[in-house]
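Taking it in order: structure first as structure tokens, then the write-up.
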Amino acid sequence: MTSKISDLLGLILRFPAPWILTGAGISTESGIPDFRSPGTGLWEKMDPMEFASVEGLRRNPRAFFTHGLQTIDTILNAKPNTGHIVLGHLQKARLIGPIVTQNVDDLHRRGGAIHYYEVHGHFRTASCMSCRNQVPISEVVSQVEMDQIPPVCYYCGGILKPDVILFGDMMPADYQEASLLASKYQYIPKLMIVIGSSLTVSPVNYLPLEFNRIAIINNTPTPMDYKADLVLRQQIGEVMGALWDEILALNGGKEPEPIPYGFNCGHLIAYLDNEMRFLAGQKTRMTASKESLARHTGHIKADLEAAQKIIQAFPAEGRQPLENAMLRFYLAEIERMNQDFDAWCSETGIKPNAEPSRFSKLLQDNFKDNVNAFLTYTGETEPLPELIEHFAARAAGCYGFWSFANRILGLALPPQDEWENFKKTARKHRVEQDLDQYLNLFSQ
Ligand SMILES: [Zn+2]
């Protein structure tokens, strides 16, 4: 178990802010039944089209709402478990990115998550099926309890339906936003960690395909296990608890402060890691020409050296222990890749050309990806001010990191007008922070 937990932590550190996808499995430890698991699954006892479809609701509202009331009751009384709480901690520490959840139980929000997408909706509110008037779920509960079935809209008499996705419904805005945001990151390999989902419900099960790498924590096999870097079959609470213990231990027993924006070097490591995978593939079946491999490996060699230089130059002073542990982890990863690289060259007989590092371009693209992600967020119908600030700070941190890396590599500093333009855009979207502070993070 311990080594698997270290592998999981390694993946989290190797990819900057991995995304999380959760399904029913994360909430079973909170006493919410998994609709699909064999034996205990509700769907084995009931026809899903009867109690979880728009058609069923219209045909037999009594069955729908009396069953629905039990579900609402179970959910409102459930408490977030270790899995939800650790994900909340990880997100606050900025070690993970957004959480996409198939669950409608509100337990991520209540477990402390700040950035999540409820792609199957939630039970906090209900909406009128005729005029879209939205009411708190308590309105539905009290009407059903008084035997007003179906519960109706005060304004127009239409049926009040909880804001969860039923068969026959369109996917909610959260789903479109999550897929759009995931597609904004193109230049750095990205990771999705699937937790407690059997990946059988579409269209959410296609989301992992937006990611270069996946890890899966689920107690039954999934259709994507074969392409996962890591598959854990343990209890989710147990895995997440052990993961958090390991992080606390790295941080001298203290809860970590948020990792500074721009600090995460996972993007360099993820990039190099991907290149090493390419090389490994070329060893089994060489599809590229020797000349192009000599050129390509020349770039990789230069990138490995550049990454080492950048990370060694990070000032260690004033950092929390976790950040220093991250720097040590990055250096060990580079060391491992250097060894693999040398072994690859001697086995294949390919001699790397002298080539420049591509990092400056990569970091520029990374900054642009993050600006695009920020813009996606500002384009939303109901932008959330904290998330806008978060994305702006992230983009600024990436610019700061890019500047820092160029300085260490002896390259010209990034163009000032890109920075000024970004700040102008950020101000237009009411970003209040002093974004310049992120430029000076590593200036010693
Ligand atoms: Zn209405």
Side-chain angles (χ1 to χ4, degrees), residues 23-24 27 32-33 35 42-43 46-78 98-110 113-181 201-204 376-388:
S27 292
I32 296 173
F35 295 109
L42 280 174
W43 281 12
M46 276 185 239
D47 177 6
M49 294 319 273
E50 208 50 51
F51 82 93
S53 75
V54 177
E55 219 189 296
L57 184 157
R58 290 192 191 279
R59 199 171 45 228
N60 190 351
R62 184 156 292 274
F64 181 92
F65 279 102
T66 42
H67 170 75
L69 196 64
Q70 290 168 19
T71 310
I72 295 172
D73 213 47
T74 310
I75 283 173
L76 292 182
N77 287 316
I99 299 169
V100 179
T101 186
Q102 296 172 281
N103 300 338
V104 294
D105 53 30
D106 202 25
L107 292 180
H108 283 302
R109 187 186 64 87
R110 282 159 56 199
I114 35 187
H115 185 194
Y116 51 86
Y117 297 97
E118 295 165 313
V119 294
H120 288 167
H122 56 78
F123 270 113
R124 291 187 295 277
T125 52
S127 296
C128 169
M129 291 173 81
S130 306
C131 75
R132 309 308 305 157
N133 169 43
Q134 201 178 48
V135 298
I137 197 71
S138 55
E139 178 62 33
V140 170
V141 172
S142 63
Q143 287 198 36
V144 173
E145 278 173 355
M146 290 187 302
D147 211 33
Q148 170 56 53
I149 293 175
V152 289
C153 170
Y154 172 80
Y155 294 104
C156 76
I159 298 177
L160 290 175
K161 178 183 96 63
D163 288 330
V164 293
I165 297 307
L166 303 178
F167 290 100
D169 269 329
M170 300 243 301
M171 292 298 278
D174 265 27
Y175 174 74
Q176 328 295 347
E177 277 159 24
S179 354
L180 189 63
L181 186 64
V201 181
S202 118
V204 179
T376 312
Y377 236 86
T378 57
E380 256 190 59
T381 40
E382 288 169 51
L384 295 166
E386 317 87 75
L387 282 185
I388 302 260

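Read the numbers this way: they start at 1 and go in the same order the structure lists the ligands and their atoms.
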Give the minimum heavy-atom separation between Phe123 and Ile75, together with the two atoms involved. CD1-CD1, 3.5 Å
Verify, without hydrogens or angle tests, whether Asp105 (side chain) and Leu107 (backbone) share a donor-acceptor contact under 3.5 angstrom. yes
List the residues meeting salt bridge (Lys or Arg N to Asp or Glu O under 4.0 Å) with Arg62, not counting sequence neighbours, and say none if there are none. Asp147
Distances under 2.8 Å only: what protein N/O/S atoms are near the Zn ion (ligand 1), ordered by chain and residue? Cys128 SG, Cys131 SG, Cys153 SG, Cys156 SG
Do the two ring centres, one from His115 and one from Tyr377, sit under 6.0 Å apart? yes
Show which side-chain atoms of residues 158-167 pair as donor or acceptor with protein atoms under 3.5 Å away, not counting sequence neighbours.
| residue | atom | partner | partner atom | Å |
| --- | --- | --- | --- | --- |
| Lys161 | NZ | Val164 | O | 2.8 |
| Lys161 | NZ | Asp169 | OD2 | 3.0 |
| Asp163 | OD1 | Ser127 | N | 3.3 |
| Asp163 | OD1 | Ser127 | OG | 2.8 |
| Asp163 | OD2 | Thr125 | OG1 | 2.5 |
| Asp163 | OD2 | Ser127 | OG | 3.3 |
| Asp163 | OD2 | Gln134 | NE2 | 2.9 |

Once side chain to side chain donor-acceptor pair (under 3.5 Å) is applied, do any residues pair with Arg124, and if so which ones, sequence neighbours excluded? Asp106, Glu118
